[in-house]
Amino acid sequence: MTTTVPRFEELAAPSHWRTVDFISDLHLQASEPATVAAWQHYLQTTTADALFILGDLFEVWVGDDAMHEPGSFEAQGCAALQAAAQRLPVYFMHGNRDFLAGPAFLAHCGITGLADPTVLVFGGQRFVLSHGDLLCLDDVDYQRFRVQARSAPWQERFLAQPLAVRRAQARGIRQASEARKQSGAIYADVDDPTAIAWLNAAHAHTLIHGHTHQPARHTLAPGLQRVVLSDWDATAHPPRAEVLRLTAAGLERVAPPPCPMS
């Protein structure tokens with residue numbers, strides 16, 4: 001399966017930004033409270049000038065109406081984002097699990113949506129930001145589903161269903177995903193030639209993405225690299241809750257402050 005080079009949105013960092021944080025693939029869900037707590041503590045303590053969430057913040061997002069259900073997990077997550085957005089700019093890019101997060105979600109949380117991909121201009125350098133799923137070309141079945149699920153007719157049909165029905169379908173998707181993980185299935189990785197084409201088209205040297213859960217720094221060609229964000233799992237051994245931080249000195253991986261025991 002092939003893809004054309006997409007159109008790149010562009011965001012120029014304000015001159016006062018000194019530190020920018022990137023996170024992705026937290027897959028927040030009520031059944032994993034330790035990861036949720038680690039994320040909330042990070043939001044409360046980060047000293048970054050801006051935060052970029054590059055997809056799959058939530059394990060699943062079944063529609064913006066879910067955040068208005070009293071006591072819902074979505075409502076709790078939005079409250080944490082609202083509080084953070086009062087301290088620093090927060091940018092959100094859709095992932096393959098939370099692509100149904102819509103304008104109402106962004107407005108309610110006070111955060112800014114990002115197109116996938118987006119070029120961030122920071123410190124005189126250009127960085128391509130993406131969730132990463134669009135670059136996993138070998139996952140042909142998923143790419144077909146992605147085209148279908150991002151279409152307005154598919155989303156309108158899904159969102160027209162009662163919230164309880166959508167939640168039930170989401171549970172089924174999660175169970176199927178977990179079964180695939182347990183089976184040892186091999187997931188497709190980013191297609192490096194396509195990543196190089198993106199960087200060349202964007203006149204950038206670094207691609208920052210998530211999705212694959214394989215944090216690493218890959219040299220693609222002389223002067224070109226892709227940097228993969230970590231997923232988050234506070235119950236893993238050792239725990240994973242890594243932030244990719246950009247400053248004038250470059251990119252570094254940092255662990256957020258430990259979450260106090262409740």
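The figures here come from the full heavy-atom set of this structure, side chains too, leaving out hydrogens, waters and symmetry mates. For reference, positions follow the sequence shown, starting with 1. Quick caveat, the model's predicted, so the values are computed rather than measured.
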Quiz item: So, Y42 versus W39, ring centres under 6.0 angstrom or not?
Solution: no
Exercise. List the atom of A234, the atom of P239, and the distance in Å for their closest heavy-atom pair.
Key: O-CB, 3.6 Å
Practice problem: Would you please name every residue forming a ring pair (Phe, Tyr, Trp, His ring centres under 6.0 Å) with H131, sequence neighbours left out? | Solution: H211
Quiz item: Side-chain donor-acceptor pair under 3.5 Å between D133 and Y142, yes or no?
Solution: yes
Exercise. Answer yes if V227 and L120 sit in the same cluster of Ile, Leu, Val, Met, Phe, Trp and Tyr residues linked by side chain heavy atoms under 4.5 Å apart, and no otherwise.
Key: yes
Quiz item: Relative to each other, are the rings of F158 and W154 parallel, tilted or perpendicular (30° and 60° limits)?
Solution: parallel
Practice problem: Let me see the working for H213 and H27 under side chain to side chain contact (heavy atoms under 4.5 Å, CB included), right down to the final yes or no. | Solution: CA-CA 11 Å; H213 298 197; H27 294 269; 3.2 Å; yes
Practice problem: Check for a donor-acceptor pair, side chain of Q143 on one end and backbone N or O of C136 on the other, with a separation under 3.5 Å. | Solution: yes
Exercise. Check whether any side-chain heavy atom of E10 sits under 4.5 Å from a side-chain heavy atom of V121, and report yes or no.
Key: yes
Practice problem: Begin with the C-alpha distance, continue with both residues' side-chain angles, and end with the deciding distance and a verdict on salt bridge (Lys or Arg N to Asp or Glu O under 4.0 Å) for R245 and D21. | Solution: CA-CA 5 Å; R245 179 160 291 168; D21 281 359; 2.7 Å; yes
Exercise. State whether the side chain of R87 and the backbone N or O of T46 hold a donor-acceptor pair below 3.5 Å, judged by distance alone.
Key: yes
Quiz item: Hey, any chance Y91 and V128 share a hydrophobic cluster, counting ILVMFWY side chains that come within less than 4.5 Å of each other, even indirectly?
Solution: no
Quiz item: If we only count heavy atoms from C-beta on, is the P89 to W17 side-chain gap below 4.5 Å?
Solution: yes
Self-check item: Q76 versus Q40, side-chain donor and acceptor atoms under 3.5 Å
Solution: no
Self-check item: Short side-chain to backbone donor-acceptor contact, E74 and H68, under 3.5 Å
Solution: no
Practice problem: Could you please spell out the steps behind the side chain to side chain contact (heavy atoms under 4.5 Å, CB included) verdict for L129 and F22? | Solution: CA-CA 9 Å; L129 311 181; F22 303 95; 3.7 Å; yes
Quiz item: Quick one: do the E9 and T118 side chains pair a donor with an acceptor below 3.5 Å?
Solution: no
Quiz item: Which atom pair, heavy atoms only, marks the closest approach of V5 to A201?
Solution: CG1-CB, 3.5 Å
Practice problem: For residues D65 and L163, determine if any side-chain heavy atom of one lies less than 4.5 Å from a side-chain heavy atom of the other. | Solution: yes
Exercise. Can you measure from CG (D233) to CG (L26) and round to the nearest 0.5 angstrom?
Key: 10.5 Å
Exercise. Take L54 and L229 through the test side chain to side chain contact (heavy atoms under 4.5 Å, CB included) and record every step on the way to the result.
Key: CA-CA 9 Å; L54 301 187; L229 301 170; 3.8 Å; yes
Practice problem: Keeping the roles fixed (side chain from R126, backbone from A202), state whether a donor-acceptor pair exists under 3.5 Å. | Solution: yes
Practice problem: For L88 and A48, work out which heavy atoms get closest and say how close. | Solution: CD1-O, 3.5 Å
Quiz prompt | Any side-chain heavy-atom pair of H209 and M93 under 4.5 Å | solution = no
Self-check item: Flag, side chain of T219 to backbone of Q225, donor-acceptor distance under 3.5 Å
Solution: no
Quiz item: What are the two closest heavy atoms between L251 and R217, and how far apart are they?
Solution: O-NH2, 3.4 Å
Quiz prompt | Same cluster (ILVMFWY, side-chain, under 4.5 Å), L43 and L28 | solution = yes
Practice problem: May I ask you to check whether W61 and F105 place their ring centres under 6.0 Å from each other? | Solution: yes
Practice problem: Flag the pair V243 / W232 as yes when at least one side-chain heavy-atom distance between them is below 4.5 Å, and no otherwise. | Solution: yes
Quiz item: Hey, is the main chain of H237 close enough, under 3.5 Å, to the side chain of R240 for a donor-acceptor pair?
Solution: no
Quiz item: Is the side chain of D98 donor-acceptor paired with the backbone N or O of A101 at a distance under 3.5 Å, no angle test?
Solution: no
Quiz item: When you measure from the side chain of D56 to the backbone N and O of N96, does any donor-acceptor pair fall under 3.5 Å?
Solution: yes
Exercise. Evaluate the criterion salt bridge (Lys or Arg N to Asp or Glu O under 4.0 Å) for residue pair D189 and R226; output intermediate values, then yes/no.
Key: CA-CA 12 Å; D189 202 353; R226 66 179 176 94; 3.5 Å; yes
Exercise. Apply the test salt bridge (Lys or Arg N to Asp or Glu O under 4.0 Å) to residues E242 and R253: give CA-CA distance (whole Å), side-chain angles for both, the deciding distance (0.1 Å), then the verdict.
Key: CA-CA 7 Å; E242 189 178 79; R253 298 182 188 274; 2.9 Å; yes
Self-check item: Shortest non-hydrogen contact from A66 toward S72
Solution: O-OG, 2.9 Å
Quiz item: Do I23 and L51 have side chains that get closer than 4.5 Å, going by heavy atoms?
Solution: yes
Quiz item: Under 3.5 Å, is there a donor-acceptor pair between the side chain of D25 and the main chain of G210?
Solution: no
Self-check item: Presence of salt bridge, E59 and R97, under 4.0 angstrom
Solution: yes
Exercise. Give a yes or no on whether L114 and I208 share a hydrophobic cluster (residues Ile, Leu, Val, Met, Phe, Trp, Tyr; joining criterion: side-chain heavy atoms under 4.5 Å apart).
Key: yes
Practice problem: List the steps and the verdict of side chain to side chain donor-acceptor pair (under 3.5 Å) for H205 and Q125. | Solution: CA-CA 8 Å; H205 59 81; Q125 300 184 65; 2.6 Å; yes
Practice problem: For residues L220 and I196, report the shortest heavy-atom separation together with the two atoms involved. | Solution: O-CD1, 3.5 Å
Exercise. Find the distance between OG (S24) and CZ (F92) and round it off to the nearest 0.5 Å.
Key: 11.0 Å
Exercise. Treating Ile, Leu, Val, Met, Phe, Trp and Tyr as nodes and any side-chain heavy-atom pair under 4.5 angstrom as an edge, say whether V190 and V119 lie in one connected cluster.
Key: yes
Quiz item: Using 4.0 Å as the upper bound for N to carboxylate O, is an ion pair formed by D64 and R166?
Solution: no
Quiz item: Should L106 and T112 count as side-chain neighbours, where that means a heavy-atom distance under 4.5 Å?
Solution: no
Self-check item: Ionic contact status for R146 with D141, cut-off 4.0 Å
Solution: no
Quiz item: What's the verdict on side chain to side chain contact (heavy atoms under 4.5 Å, CB included) for I53 and I111, showing C-alpha distance, side-chain angles and the deciding distance?
Solution: CA-CA 10 Å; I53 303 170; I111 63 181; 5.8 Å; no
Quiz item: Is any side-chain heavy atom of F52 less than 4.5 Å from a side-chain heavy atom of L244?
Solution: no
Exercise. Measure the spacing between OG1 of T235 and CD of E32 and express it to the nearest 0.5 Å.
Key: 6.0 Å
